[in-house]
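One structure is given here, and the rest of the page talks about it.
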Amino acid sequence: MHMKQHRLPRIVLESILLAMTPFVLGLVLGADPGFLNLKGIPYLIAGPLFASFYGLGWGAALTLASCTTGFLIHPAIYGQLDIAFADSLMANVRYSLPLSIFGLLGIAFYKHRIDQFSMKVRRRLRKTVHSEISWIKKALSLETVNRVLENRVSGQKDSITLLHNQVRKLASLNQDQALNTLMETVFLFTEMKSGAIWVPDQEKGMLAPAAIFGWEQNEKKEILLDPEISIEGYVLRNRKLFSVRMLLDSSEFDRFDTSRNLITMPILIKGKAWGVLNIEDLPFERYSYYTESVLAILLSLAEPFLTSITDYEKLKAIEETDKDTGLPQFPILYKTLEKELENRQFEGGFVSLIIIELVNFEELAERWSRTELKCLLRELERNFDAQNAMKGSAFHFKNDNQLALLVPGLDKDGTSYFCLDLLTMCSGSDMKINGEHAALEIIVGFSTNGSGVTSPDAMIDMAEQLLSMQRL
Amino acid sequence: MDAFKSLLSRKTRFLPKTQAQALMALSEGIIHESFYMYKAVNVHPVFEEPWDLDEIERLLAKPDLDVETTILLMTIFQRLIKQEDKELALFAAESINAVEQRRMRKIQVLRKKLEEARQAREENKFGCEDKLPPIARALASEYRNLGRICFAQPVLRIFYIEEALSVLKRQELTCSPDDQDLELLVELLLDLGRNDEACILVGTLTGEYPENKAYRFLAAKTAYARRQFRNILDNLDENEELRAFWLGKVPHG
């Protein structure tokens, strides 16, 4: 609108100038009013010229103005406006006037079409620019969303793969290790700041911590809880979850000390309460139904592994262990293997028996005592245990120079790689007795359940067969 | 898969590591669309064993890494540092150092800015007073973040959180603290285990602004930290879902 307002005076000025130019020129030259010798072209050309810039209306107006000044005012000033001039005018502009009018109309028509086309192009361009901007905006937003999602997935702390890895770590007969893994898993999935697993101490009739997390260094692990006045004892007796929000709608817990308990859950093994998981500190935002559910899921996932561990521990407590190394003797290995194979029949999965034999045991026994050599074998096993993520439970085998490992979760190929690692570690380690280097000659025999091997005897035979082949 | 193979046979043999790189490569025509799709959907959590060191390094190289991801990386480094493999342990130690240094540099820049703003205020330069609170706020927040990142070193953690507290308590902010400052102040007190102080502060705030939801939530949080569970409900009037969970009516996720 403003543009149009500014344009109007300019166009008027331009049209006056253009109309006046031949007139002024005619006055200056002083002869041939209306430029009839030139067929009136200087006056007739202005209109079409103007129409090419501003369209038909302005062109026609200028033609009229120009013709008026050229063919009326100009001869009038010279006093020649008479019939003779009119005749001469008619004769001279006979062709140029219609030509000028046709030119004016043609140019105006052409100008109109160009204007329409340019408007169309401009509209299309505007639309394209709008659409491109909108695409750029969309692309940028989607890129941001992608980046955020990528970071969210990368930064995920409670993924299913992590859960799987943690559960795999539970597959060990080492109780301390399994419970610590369980506490670590609880931390990863709930962000708990501190907590503990309490189990009954039969001798003292109290509850003792079997695994702790986030305790201060000066907090003693020897601390014991009275099951009668503690929430842990209540949960163990009743096999019921305790969550601190229960304090708000019930006076049932008033007689208990609840200062350490946020969420306390029973750890059930074969339907009986074996221990209690107590979450002592948890961020406010994480205290939720979700956390309670996650804890229940984790304990349920841990149950089969804890069952194996408790069975193993029971056997260990009944049978004798080697007095020098503290490792369970062969009968326990046999019973544990039997139990493991039974479990595998129902639950599936693998268990491997690995026998490590010190071939030059007798030779070394001439220099060092048998006890020292047995302890050396035990140390070797511990070193390997510390280095390897896949841990097994160690036992004594039939002879003093033999150790056996029960490793869960490895198939036949996995077990052979495991044995290869074991041999590499043995050959690479510098074992010493009383500061003196002991050159160990180690051979390894192994067997894995499955493909017809389902009894402890079959597994032991297979592993021993491999050993005897190597002795040859 | 064909596109993947043809990509490998290219002269450049350029293999984009990230989604963003793959997208750029796609727009430049260096890779096939299917490779971009493959890369885009093949993201996995970094907190997974065996550790993906390339992914860890990629995240570590990000200059604008957020605090949560940094904490996650630090958790991984704390585990890696205990590895038998000395190279891995060294990588972890260097990465921990790099993370801390990066944060420290940010803090130093902010401290310098704060000092300049303070000097300008003393010289009564026009418009300088307005600059002080945002800088002090950013500095306090950075100190707290550094404290959170150093979770494995309790002494350092407490030191940095106390620094954040002292920055926040300085004159620049105490004259006209805003909601964020007060919330941060309460959080810092809770981080330091000064629950009683937090309770007094929150009590004053909720007394003065009983309608402020953020203060009410902080009051509930403080009551939780002080194990005064019955007081939590008084401050959860607005948050019906959470209230229902505490009353044992509806699960709260």
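Note on naming: letters A, B, ... go to the chains in the order of the sequence lines (proteins, then strands), and numbering restarts at 1 for each one.
- In this structure, chain B has a heavy atom under 4.5 Å from the backbone of A:Thr258, while its side chain stays farther away.
- Contact annotation: the side chain of A:Glu292 approaches that of B:Phe245 to within less than 4.5 Å [non-hydrogen atoms, C-beta and beyond].
- No more than 12 heavy atoms of other residues, nucleotides or ligands lie within 6.0 Å of CD in B:Gln180, so this atom counts as exposed by the packing criterion.
- In terms of heavy atoms, B:Tyr224 sits closest to A:Phe284 at CG-CD1, 3.3 Å.
- For NZ of B:Lys213, the number of neighbouring non-hydrogen atoms (other residues, nucleotides, ligands) closer than 6.0 Å is 12 at most.
- Contact of A:Arg286 with chain B is not made at all, since no heavy-atom distance falls under 4.5 Å.
- The number of heavy atoms from other shown groups lying within 6.0 Å of CD1 (A:Ile160) does not exceed 12.
- In this structure, chain A has no heavy atom under 4.5 Å from any part of B:Ala225.
- Contact check for B:His44 versus A:Val153: no side-chain heavy atoms found under the 4.5 Å cut-off.
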Stepwise side chain to side chain contact (heavy atoms under 4.5 Å, CB included) check, B:Glu49 with A:Lys169: CA-CA 11 Å; B:Glu49 286 181 77; A:Lys169 279 193 205 169; 3.5 Å; yes
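- Annotation: side chain of A:Tyr287 is not in contact with side chain of B:Leu242 (no heavy-atom distance under 4.5 Å).
- Under a cut-off of 6.0 angstrom, the local environment of OH in A:Tyr417 is sparse, with at most 12 non-hydrogen atoms contributed by other residues, nucleotides or ligands.
- A:Glu143 has its side chain within reach of B:Leu23: a pair of non-hydrogen atoms, C-beta onward, lies under 4.5 Å apart.
- The structure places CZ of B:Phe47 at 4.5 Å from CG of A:Leu188, a figure rounded to the nearest 0.5 Å.
- Within the 4.5 angstrom heavy-atom criterion, only side-chain atoms of B:Leu233, from C-beta onward, approach chain A.
- With contacts defined as side-chain heavy-atom distances shorter than 4.5 Å, the pair A:Leu262/B:Arg227 qualifies.
- Of the two parts of A:Leu149, neither the backbone nor the side chain holds a non-hydrogen atom closer than 4.5 Å to a non-hydrogen atom of chain B.
- In this structure, the separation between CD on B:Glu48 and OG1 on A:Thr161 is 3.0 Å, given to the nearest 0.5 Å.
- In this structure, the side chains of B:Trp246 and A:Val244 come closer than 4.5 Å at one or more pairs of heavy atoms.
- Using a 4.5 Å cut-off between heavy atoms, B:Ile71 makes no contact with chain A at all.
- In this structure, no portion of A:Ser243 lies under 4.5 Å from any heavy atom of chain B.
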